[in-house]
Amino acid sequence: MRMSKLFSRTLRETPAEAEITSHQLLLRAGFIRQLAAGIFSYLPLARRSLTKIENIIRQEMDAIGGQEVSMPVVHPAEIWQKTGRWYEIDAEMGRFQDRSGRDMVLAMTHEEVVADLVRGEVHSYRQLPLMIYHIQTKWRDDPRPRAGLIRVREFTMKDSYSLDADFDGLDVQYRAHYQAYFNIFHRCGLPVIAVKSDVGMMGGKLAHEFMYLAPVGEDTLMLCEGCGYSANRQVAVFRKPLLPHEEPLLVEKVSTPEMKTIADLAEFLNIPESKTAKAVFLIATIPEGEDTREQFVFAVLRGDMELNESKLVNAIKAQALRPAMEDEIIAVGAVPGYASPLGLENVLVVVDDIIPDSPNLVAGANQAGYHLRNVNYGRDYQADIVVDIAAAQDGDACPKCGAKMKAQRGIEVGNIFKLGTRYSEAMGAEFLDADGESKPVVMGSYGIGSGRTLACVAEEYNDENGLVLPVSVAPYQVHLVVLTGKGDEESSDVAERLYFDLQAAGVEVLFDDRQESPGVKFNDADLIGLPIRLTVSQRSLKAGGVELKRRDQADSRVILSDRIIPVVKDEIAALQKEIDQRVIAVDFRED
RNA sequence: CGGGGCGUAGCGCAGUCCGGUUUAGCGCACCGCGUUUGGGACGCGGGGGUCGGCGGUUCAAAUCCGCCCGCCCCGACCA
């Protein structure tokens, strides 16, 4: 490609809306342009990189038995109504009506369509296992798109779907994806970890997320440096420190004026925060058939812990959760700041599982200015549910080995879900097993965001001058720069011939043939970040050939004219080898 | 949805408080001519704006007031 004809141009200054590195560089280098919040165009350079990423994905999917298909972006609402997600999912789903008034859905994912296809195509256990995938546009109307390509509303996802006769088969395909995903990201040069994750609205049994660790990430991960336990904080468990055993004492009311927070209370009574019980009030939206109802939830945790809303949502099977307003709290008979689990009505009480083992806590008295000492679960109050609802914090003890865990931020570039039979049952996707019995197909679903992957690669590979792209993802392998002074036709001629010869040899070349000063050309080459730069100029020709510089190295060297093609090919092979060496077998771990 | 910020040429900005010599300006980018060519060149000459939109106040609005829209950041949210 000639830069004089390239559709996109580089920007000298960073657009004001871009804050994070990958967004700034992808804009400045002319990879992407924004149309609206969370909606982007991908210009030729980005398109080529995405195609490379997608082809890596295709190869790895095909290698584990995947068959590429292409499913629609527009779905009739009925299939989403059948699985219930039409009702469960709120404004995130794009809905519209076609010309005859039928409700339609913009694809956010394709479990429904897959199950519908399976109903028609799969009838026998002899056909299973199967795996299909496609790479296609998704619309998810996220309330707050941000950070360039990291979090967008319209995006391209590779989503694959495994189909099995039983859960053992699902496990095999799940593990195959687990390894394939590592291969894909490693081939893109992206370091990732797999963490156990929330199954969320997908439902299902087990899920992992593939995370690129970065401070700009929006997920918090709990990572144990002792044994390697790793989980999204939404599901991370931890060893809760036990309190010393005590016999239950008599409840005793104590005056605690103006002590509305746990910290104040603990200091006032001169006790550790772990000797208090904390009340958190929430309003949960609980699905009931095609409708929902609101449920007041009273969550009780020990004072030294924080509520994990994801765990609570899962524990009570809520669709949504929000903090309760003060008047709602008063309406159920509680006193904000002095709330007690004792004696409330029409309230779902959920108690963290460490509470029954934490004797003689200080809790609110449901009376302004007073708390109760020696409150004991079981004797003084009962819960509707006792379950782990506490959020793991940086420094908490690993559930497996007890070592300290670190909290780190990450960006989710892929996920894998064991769905089970939720969608196949709802859609009637059944097959006959060897006994002639009708059974729902066991499904898994697996996603990778290709645009987000590109953004993470940009986030990982850059320096103060621009992108430094891995050869497997770079839109071109070689950036050919020609510097021509007045009357210098030799450099132009050599560069033109080299441009032709390199392409004939199968090398992908971006040729900067523009009438620009050397500074502009070098700076643009650095900004775009192709792995190899070749410079043809009077200076290089006098030295005997063409200058070669790797983007990831500071020094350059002159290659003799007749050696250029083989040297460039060797250089590309060496870069590719560096990437290939990252592709290694990984141990599957459930957490 | 709550809080904050911003909206003037393709990009970056000044002008807005305090309305009127500004014909709306500067840098970059763009077009023409000439010079220049190893790290974001120079001279001369040009083109490009419903000042986010609508309404209001006024003799007069980029500037004051109201409503709306859009974008960014923090939070809530997130398959």
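Below, all heavy atoms of this structure are taken into account, side chains as well, without hydrogens, waters or symmetry copies. Note on naming: letters A, B, ... go to the chains in the order of the sequence lines (proteins, then strands), and numbering restarts at 1 for each one.
- When each of R153(A) and V536(A) is assigned the nucleotide of RNA chain B bearing its nearest heavy atom, the one mapping closer to the 5' terminus is V536(A).
- For V520(A), taking side-chain heavy atoms from C-beta onward, the closest of the listed nucleotides G38(B), G40(B), G39(B) is G40(B).
- Residues that satisfy the salt bridge (charged side-chain N to carboxylate O under 4.0 Å, His left out) test with D388(A), not counting sequence neighbours, are K240(A), K311(A).
- A donor N or O paired with an acceptor N or O is not found under 3.5 Å between the base of A79(B) and the side-chain atoms of R85(A).
- Taking atom NE2 of H23(A) as the reference point, atom C1' of C11(B) lies 14 Å away to the nearest angstrom.
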**OP:** Check the pair R175(A), D171(A) against salt bridge (Lys or Arg N to Asp or Glu O under 4.0 Å), reporting the backbone distance first and the verdict last.
**Re:** CA-CA 6 Å; R175(A) 286 168 188 248; D171(A) 194 55; 2.9 Å; yes

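- Here the separation of G49(B) from U23(B), taken at their C1' atoms, is 13 Å to the nearest Å.
- A gap of 13 Å separates the P atoms of A9(B) and G25(B), to the nearest Å.
- Rounded to whole Å, the distance from CG on D90(A) to P on A79(B) is 12 Å.
- A donor-acceptor pair is defined here as one N or O able to donate and one able to accept, closer than 3.5 Å; no such pair exists between the side chain of D159(A) and the backbone of G447(A).
- If you check every strand for non-hydrogen atoms under 4.0 Å, A525(A) touches nothing.
- Remark: R95(A) is positioned above the aromatic ring of W86(A), its terminal NZ or CZ atom under 6.0 angstrom from the ring centre and at most 45 degrees off the axis.
- Aromatic pair H208(A)/Y174(A): ring centres closer than 6.0 Å.
- The base-pairing partner of G38(B), taking Watson-Crick or G-U wobble contacts with both distances under 3.5 Å, does not exist among the strands shown.
- Whole-Å rounding puts the N523(A) CG to C28(B) C1' distance at 14 Å.
- With C77(B), A79(B), G39(B) as the candidates, the nucleotide lying closest to the side chain of E309(A) is C77(B).
- Rounded to whole Å, the P atom of U63(B) lies 15 Å from the corresponding atom of U57(B).
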Please report, to 0.1 Å, the donor-acceptor pairs under 3.5 Å made by any side chain of residues 542-553 of chain A, with sequence neighbours excluded.
{"unit_1": "E547(A)", "atom_1": "OE2", "unit_2": "R533(A)", "atom_2": "NH2", "d": "3.4"}
{"unit_1": "K549(A)", "atom_1": "NZ", "unit_2": "Q553(A)", "atom_2": "O", "d": "3.0"}
{"unit_1": "R550(A)", "atom_1": "NE", "unit_2": "D552(A)", "atom_2": "OD1", "d": "2.9"}
{"unit_1": "R550(A)", "atom_1": "NH1", "unit_2": "E571(A)", "atom_2": "OE2", "d": "3.4"}
{"unit_1": "R550(A)", "atom_1": "NH1", "unit_2": "E578(A)", "atom_2": "OE2", "d": "3.4"}
{"unit_1": "R550(A)", "atom_1": "NH2", "unit_2": "D552(A)", "atom_2": "OD1", "d": "3.4"}
{"unit_1": "R550(A)", "atom_1": "NH2", "unit_2": "D552(A)", "atom_2": "OD2", "d": "2.8"}
{"unit_1": "R550(A)", "atom_1": "NH2", "unit_2": "E578(A)", "atom_2": "OE2", "d": "3.1"}
{"unit_1": "R551(A)", "atom_1": "NE", "unit_2": "L467(A)", "atom_2": "O", "d": "3.2"}
{"unit_1": "R551(A)", "atom_1": "NE", "unit_2": "D526(A)", "atom_2": "O", "d": "3.0"}
{"unit_1": "R551(A)", "atom_1": "NH1", "unit_2": "D463(A)", "atom_2": "OD2", "d": "2.9"}
{"unit_1": "R551(A)", "atom_1": "NH2", "unit_2": "D463(A)", "atom_2": "OD1", "d": "2.9"}
{"unit_1": "R551(A)", "atom_1": "NH2", "unit_2": "L467(A)", "atom_2": "O", "d": "3.3"}
{"unit_1": "R551(A)", "atom_1": "NH2", "unit_2": "D526(A)", "atom_2": "O", "d": "3.0"}

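- One donor-acceptor pair, N or O on each side, does fall under 3.5 Å between the base of G38(B) and the side chain of S537(A).
- Nucleic acid contact for D488(A): none, since no nucleic acid atom lies under 4.0 Å from a heavy atom of the residue.
- Here the separation of G27(B) from A76(B), taken at their P atoms, is 45 Å to the nearest Å.
- Salt bridge annotation for E92(A)-R153(A): absent, with no cationic side-chain nitrogen under 4.0 angstrom from a carboxylate oxygen.
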In a table with atom names and distances, give each donor-acceptor pair under 3.5 Å that connects a side chain of residues 29-39 of chain A to protein atoms at least two apart or in another chain.
{"unit_1": "R33(A)", "atom_1": "NH1", "unit_2": "L27(A)", "atom_2": "O", "d": "2.6"}
{"unit_1": "R33(A)", "atom_1": "NH2", "unit_2": "R9(A)", "atom_2": "O", "d": "2.9"}
{"unit_1": "Q34(A)", "atom_1": "NE2", "unit_2": "A36(A)", "atom_2": "O", "d": "3.0"}

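- The shortest side-chain heavy-atom distance between R233(A) and L221(A) does not fall under the 4.5 Å cut-off.
- If you take CZ of R514(A) and P of A29(B), they are 12 Å apart, rounded to a whole angstrom.
- Taking the C1' atoms as reference points, C17(B) lies 49 Å from A79(B), given to the whole Å.
- Atoms NZ (K418(A)) and C1' (A79(B)) sit 19 Å apart, rounded to a whole Å.
- U58(B) and G20(B) are spaced 12 Å apart, taking the C1' atom of each and rounding to whole Å.
- Of the residues near RNA chain B, E218(A) and P15(A), the one whose nearest nucleotide (by heavy atom distance) lies more toward the 5' end is P15(A).
- The separation between E17(A) atom CD and C13(B) atom C1' is 15 Å, rounded to whole Å.
- Contacts of residues 538-559 of chain A with RNA chain B (heavy atom under 4.0 Å): R539(A), S540(A), E547(A).
- Using Watson-Crick or G-U wobble geometry with both donor-acceptor distances under 3.5 Å, G20(B) finds its partner in C59(B).
- For C74(B), the OP1/OP2 oxygens have a side-chain nitrogen or oxygen of R144(A) closer than 4.0 Å.
- Atom P of nucleotide C71(B) and atom CZ of R146(A) are separated by 16 Å, given to the nearest angstrom.
- Among C13(B), G38(B), A76(B), the nucleotide with an atom closest to any side-chain atom of A16(A) is C13(B).
- Note: F511(A) and Y499(A) have tilted aromatic rings, judged against thresholds of 30 and 60 degrees for the angle between ring planes.
- Comparing G38(B) with G47(B), their P atoms are spaced 33 Å from each other, to the whole Å.
- In this model, the phosphate group of C78(B) is not approached by any side-chain N or O of Q234(A) to a distance below 4.0 Å at OP1 or OP2.
- Residues from residues 6-14 of chain A lying near RNA chain B, meaning a heavy-atom separation below 4.0 Å, are R9(A), R12(A), E13(A), T14(A) in numerical order.
- Residue Q34(A) places its side chain closer to C71(B) than to any other of G39(B), C78(B), C71(B).
- For F210(A), the ring pair (Phe, Tyr, Trp, His ring centres under 6.0 Å) partners two or more places apart in sequence, or in a different chain, are Y178(A), Y181(A), F182(A).
- Nucleic acid contact for G519(A): sugar-phosphate only, since backbone atoms but no base atoms lie under 4.0 Å from a heavy atom of the residue.
- For the pair Q515(A) CD and C30(B) C1', the interatomic distance rounds to 16 Å; values are reported in whole Å.
- Considering only heavy atoms from C-beta on, V442(A) stays 4.5 Å or farther from L163(A) through its side chain.
- Taking atom P in both A29(B) and C42(B), the straight-line distance is 9 Å, to the nearest Å.
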